[in-house]
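Report on the following structure.
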Amino acid sequence: MAAYIWNANPAKWNVVPPASNSYDALRAYVTDHSGFVYWSTPVHQSNIHVGDAAFIWRTQYRGLLNGIIAIGYVEEHPRDLSSGSNNFTYPNRLIAAGWNESTSPSSWKTGIRILATFWDAPLQAPIKPSQGTLRALTDDEVKQVGPFLSPP
């Protein structure tokens, strides 16, 4: 099974009400009741497929614990937002309160169905986050995080 891990950096989010800080703005998007997010995908656009495992890793922020904050699967293959939002299944989820698209790592977005979130207690799986926004997990890493996955 192919699996990818995206970074979530609270410092890259803006403060917008009702959030009182960038951390809360990111939290609101990831933990939204819709269970669906679009994430910047600057690499691997042609390799990512519907059904691939998806993990979101929160980077360390102001002394708060880092780790996997969301697991799910790719529900919508990467698409270029610069082509317009009509190509996306959930266009209302493209523009997240607090996210500044002009500073985004990429206009390519992957639709991720969130199965579970671990915002307050990130999973401490023995894998390394991406050095950039996104990376593919190795087969050994997939085995390490496999117990956390449920099939789509």
Side-chain angles (χ1 to χ4, degrees), residues 1-14 16 18-19 22-59 61 66-120 122-123 125 127-152:
M1 164 196 305
Y4 296 87
I5 188 163
W6 282 263
N7 275 346
N9 183 346
K12 293 191 179 262
W13 288 67
N14 297 320
V16 292
S22 59
Y23 179 86
D24 287 340
L26 172 59
R27 177 184 189 153
Y29 185 62
V30 171
T31 62
D32 184 80
H33 71 277
S34 70
F36 193 88
V37 297
Y38 284 104
W39 222 263
S40 281
T41 306
V43 294
H44 300 296
Q45 293 99 341
S46 62
N47 300 332
I48 297 171
H49 301 287
V50 170
D52 288 347
F55 298 88
I56 299 175
W57 177 281
R58 184 179 66 213
T59 60
Y61 179 73
N66 62 354
I68 296 171
I69 56 166
I71 60 173
Y73 63 92
V74 174
E75 185 173 296
E76 196 172 324
H77 64 84
R79 293 186 170 104
D80 190 352
L81 180 59
S82 63
S83 308
S85 62
N86 292 339
N87 297 326
F88 293 86
T89 305
Y90 305 104
N92 63 323
R93 295 295 294 152
L94 283 165
I95 307 303
W99 180 248
N100 183 348
E101 187 59 31
S102 69
T103 62
S104 177
S106 173
S107 63
W108 285 82
K109 308 299 175 197
T110 298
I112 300 170
R113 173 63 58 195
I114 302 293
L115 297 175
T117 59
F118 309 94
W119 186 267
D120 294 322
L123 297 176
I127 60 174
K128 294 179 182 177
S130 173
Q131 291 298 337
T133 302
L134 164 69
R135 76 174 179 86
L137 295 179
T138 66
D139 289 342
D140 287 339
E141 289 173 319
V142 172
K143 289 177 189 172
Q144 295 292 325
V145 296
F148 301 115
L149 289 171
S150 299

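Predicted, not measured: the structure shown is a model, and the values here were computed from it.
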Once you round to the nearest 0.5 Å, how far does [atom1] of [X] lie from [atom2] of [Y]?
X: Asn66; Y: Leu123; atom1: CG; atom2: CG; result: 11.5 Å
X: Ser104; Y: Lys12; atom1: OG; atom2: NZ; result: 9.0 Å
X: Arg58; Y: Asn9; atom1: CZ; atom2: CG; result: 11.0 Å
X: Leu134; Y: Ile56; atom1: CG; atom2: CD1; result: 11.0 Å
X: Asn14; Y: Trp99; atom1: CG; atom2: CH2; result: 9.0 Å
X: Ile5; Y: Thr133; atom1: CD1; atom2: OG1; result: 12.5 Å

Do [X] and [Y] have side-chain heavy atoms sitting under 4.5 Å apart?
X: Ile68; Y: Ile127; result: yes
X: Thr59; Y: Pro10; result: yes
X: Phe55; Y: Glu141; result: no

Donor-acceptor side-chain pairing of [X] and [Y] below 3.5 angstrom:
X: Trp39; Y: Tyr29; value: no
X: Lys109; Y: Thr41; value: no
X: Asp140; Y: Thr138; value: no

Looking only at heavy atoms, which two atoms of [X] and [Y] are closest? And how far apart?
X: Ser106; Y: Glu101; value: O-OE2, 3.5 Å
X: Arg113; Y: Ser34; value: NH1-O, 2.8 Å
X: Ser40; Y: Pro105; value: OG-CD, 3.7 Å
X: Trp108; Y: Pro78; value: CZ3-O, 3.6 Å
X: Thr117; Y: Ile114; value: CG2-CG2, 3.6 Å

- Message: Looking at Trp119, is its backbone amide N or carbonyl O close enough to the side chain of Arg27 to form a donor-acceptor pair, meaning the two atoms are under 3.5 Å apart?
- Response: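 Judged by distance alone, no pair lies under 3.5 Å.
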
- Message: Using a 3.5 Å distance criterion without hydrogens, assess whether the side chain of Glu76 forms a donor-acceptor pair with backbone atoms of Thr89.
- Response: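 It does hold such a pair.
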
- Task: For this output row, return yes or no: ring centroids of Trp6 and Trp57 closer than 6.0 angstrom.
- Result: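 Ring centres of Trp57 and Trp6 not closer than 6.0 Å.
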
- Message: Classify the ring geometry of Phe88 against Tyr38: parallel below 30°, tilted from 30° to 60°, perpendicular beyond 60°.
- Response: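 Aromatic pair Phe88/Tyr38 classed perpendicular.
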
- Please say whether more than 12 non-hydrogen atoms of neighbouring residues, nucleotides or ligands are located less than 6.0 Å from CG in Asp139.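 For Asp139, atom CG is not crowded (no more than 12 foreign heavy atoms under 6.0 Å).
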
- Task: Identify, with sequence neighbours excluded, every residue that meets side chain to side chain donor-acceptor pair (under 3.5 Å) alongside Ser82.
- Result: Asp80

